[in-house]
2 protein chains.
Amino acid sequence: MLASHLKVGIGPPQRLEELKNMKKNEPMTICPCAITIAMLSSKWKILIIRELLKGTCRYRDLREQVFGVSQKMLTQSLKELEADGLVARRVYPEVPPRVEYSLTDDGNSLRPVIQVLDAWGAHYVVEKEPDYVATRLTSTRQKIVG
Amino acid sequence: MLASHLKVGIGPPQRLEELKNMKKNEPMTICPCAITIAMLSSKWKILIIRELLKGTCRYRDLREQVFGVSQKMLTQSLKELEADGLVARRVYPEVPPRVEYSLTDDGNSLRPVIQVLDAWGAHYVVEKEPDYVATRLTSTRQKIVG
DNA sequence: CCGAATCCCACTCGATACTG
DNA sequence: CAGTATCGAGTGGGATTCGG
């Protein structure tokens, strides 16, 4: 089951010639790791997913645990994650309302990915010059403090 | 060797109370996986690293292989990757000039990370609705086509 | 309690032109 | 060949206010 205009290319990205000769709506090679990055590279998403990896969570709890996230960004991130099929949203017909978020199977399949990212980041941050790491990390869009 | 104001926290991100009680220049907990994402989440970096994983490369070659990247973004990305210690830059005193880029040990240590990202992305893209994947991926900042 | 709607700024990135 | 410099558009995200 593969989009007619998408062709998964694992391994080296396609060469220049391939793209030069490509016409519209023709199969094109995409880079899978770039897709994963695209899914995760928003200021708060990784922190949200981290939290959801611990288990089902209410909206309010996420607001507390993901420190610093605004209502707008939390809602927006969750909406995108749901659209991406990584997060499930369950609304209870109560007053006041209650909404619970949890990871789907696809979302949970990110666990080993997160673990690898976590391990690399941890190793990187301890072996680098502390001062550089500090300034580098404060000048990035990505939220680092969980 | 750890920044005095940084404290690496592997595992769950710190709780709200920890941050509430945090004062300036006091040790704070950071999220390692967010660091890794911060390193990679620029429109072209992952594609550049992918290319460098194949071996040393000249500036010109990168411009060809990383299709669509502008001079400005390629230069800027390489400069940041070098500052991050992931890429090494070697200039040869020749005319016309020749500059070669390669991954440092830290950069090469990303290989298993990239592989995991690659595997997850590949699995994701083939099991998802093709139409959704297509629109989702064209509306992202991250460059997907290598 | 869980959002939606609006306004606005900062930053990323692309296009173009220039240089040693 | 391998970059700089500059300008401008688009967008991600913060702050605030309103709604069911």
Side-chain angles (χ1 to χ4, degrees), chain A residues 34 37-48 51-52 56-84 87-102 135-145, chain B residues 34 37-48 51-52 56-83 87-102 136-145:
Chain A
I37 290 292
M39 294 304 201
L40 302 178
S41 63
S42 133
K43 188 168 183 177
W44 302 98
K45 279 187 186 171
I46 258 228
L47 301 176
I48 295 171
E51 201 55 35
L52 290 175
T56 300
C57 221
R58 293 189 61 169
Y59 182 87
R60 185 188 40 184
D61 300 329
L62 288 172
R63 283 223 61 188
E64 283 185 1
Q65 299 301 326
V66 182
F67 184 70
V69 70
S70 67
Q71 284 196 0
K72 172 188 170 180
M73 286 316 296
L74 180 54
T75 303
Q76 179 178 315
S77 301
L78 287 168
K79 211 188 280 181
E80 290 174 10
L81 289 170
E82 189 190 2
D84 288 343
V87 163
R89 181 173 183 268
R90 174 155 189 192
V91 187
Y92 293 86
E94 304 174 357
V95 179
R98 181 164 118 244
V99 183
E100 283 183 357
Y101 292 92
S102 58
T135 54
R136 168 68 168 88
L137 295 186
T138 51
S139 70
T140 184
R141 195 173 50 105
Q142 170 68 44
K143 194 69 178 175
I144 302 292
V145 177
Chain B
I37 290 292
M39 295 304 203
L40 303 178
S41 62
S42 132
K43 189 167 183 177
W44 301 98
K45 279 186 187 170
I46 257 229
L47 300 176
I48 295 171
E51 200 56 34
L52 290 176
T56 300
C57 222
R58 293 188 61 168
Y59 183 87
R60 183 189 42 184
D61 299 329
L62 288 172
R63 283 222 61 188
E64 282 185 1
Q65 299 301 326
V66 182
F67 184 71
V69 70
S70 67
Q71 284 197 356
K72 172 188 170 179
M73 287 315 297
L74 179 53
T75 302
Q76 179 178 315
S77 302
L78 286 168
K79 216 186 277 184
E80 290 174 12
L81 289 170
E82 190 190 2
V87 162
R89 180 174 183 269
R90 174 155 188 191
V91 186
Y92 294 86
E94 304 175 357
V95 179
R98 180 164 116 244
V99 182
E100 283 184 355
Y101 291 93
S102 57
R136 168 68 168 87
L137 295 186
T138 51
S139 70
T140 184
R141 195 175 52 106
Q142 169 68 44
K143 194 68 178 175
I144 301 293
V145 177

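Scope of the values below: all heavy atoms of this structure, side chains included, with no hydrogens, waters or symmetry mates. Not measured: the values here are computed from a predicted model. Here is how names work: the chains are called A, B, and so on, in the same order as the sequence lines, proteins then strands, and each is numbered from 1.
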Measuring only between side-chain heavy atoms, which start at C-beta, is [X] closer than 4.5 Å to [Y]?
| X | Y | result |
| --- | --- | --- |
| B/Leu81 | B/Ile48 | yes |
| B/Gln71 | B/Tyr59 | yes |
| B/Leu78 | B/Leu62 | yes |
| A/Leu47 | A/Val69 | no |

Let me know the distance between [atom1] of [X] and [atom2] of [N], rounded to the nearest Å.
| X | N | atom1 | atom2 | value |
| --- | --- | --- | --- | --- |
| B/Glu80 | C/dC11 | CD | C1' | 12 Å |
| A/Arg63 | C/dG3 | CZ | P | 11 Å |
| B/Glu94 | C/dG20 | CD | C1' | 15 Å |
| A/Leu78 | C/dC2 | CG | C1' | 11 Å |
| B/Tyr59 | C/dG20 | OH | C1' | 15 Å |
| B/Leu74 | C/dA15 | CG | P | 15 Å |

Contact under 4.0 Å: [X] side-chain N or O vs [N] OP1/OP2:
| X | N | answer |
| --- | --- | --- |
| B/Arg58 | D/dC1 | no |
| A/Tyr101 | C/dC1 | no |
| B/Arg89 | D/dG3 | yes |
| B/Arg98 | D/dC1 | no |

Candidate nucleotides C/dG3, C/dC1, D/dG3, ranked by approach to the side chain of A/Val99 - the nearest: C/dG3
Sugar-phosphate, base or nothing in reach of A/Tyr92, heavy atoms under 4.0 Å: nothing
Tabulate protein N/O versus nucleotide N/O from nucleotides 12-19 of chain D, keeping only pairs under 3.5 Å, one per line.
| unit_1 | atom_1 | unit_2 | atom_2 | d |
| --- | --- | --- | --- | --- |
| D/dG12 | O3' | A/Arg141 | NH1 | 2.8 |
| D/dG13 | OP1 | A/Lys43 | N | 3.1 |
| D/dG13 | OP1 | A/Arg141 | NH1 | 2.5 |
| D/dG13 | N7 | A/Lys72 | NZ | 3.2 |
| D/dG14 | OP1 | A/Lys43 | NZ | 3.0 |
| D/dG14 | N7 | A/Lys72 | NZ | 3.3 |
| D/dG14 | O6 | A/Lys72 | NZ | 2.2 |

Where B/Val87 and B/Tyr101 come nearest, the two heavy atoms and their spacing: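 Closest approach of B/Val87 to B/Tyr101, heavy atoms only: CG1-CD2, 3.8 Å.
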Pairwise 5' ranking along DNA chain C for A/Lys79 and A/Pro97, keeping only the more 5' one: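 The answer here is A/Pro97.
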Backbone N/O of A/Lys43 and side chain of A/Gln142: donor-acceptor pair under 3.5 Å: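 A pair under 3.5 Å: yes.
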A/Ser77 side chain vs A/Leu74 backbone, donor-acceptor pair below 3.5 Å: no
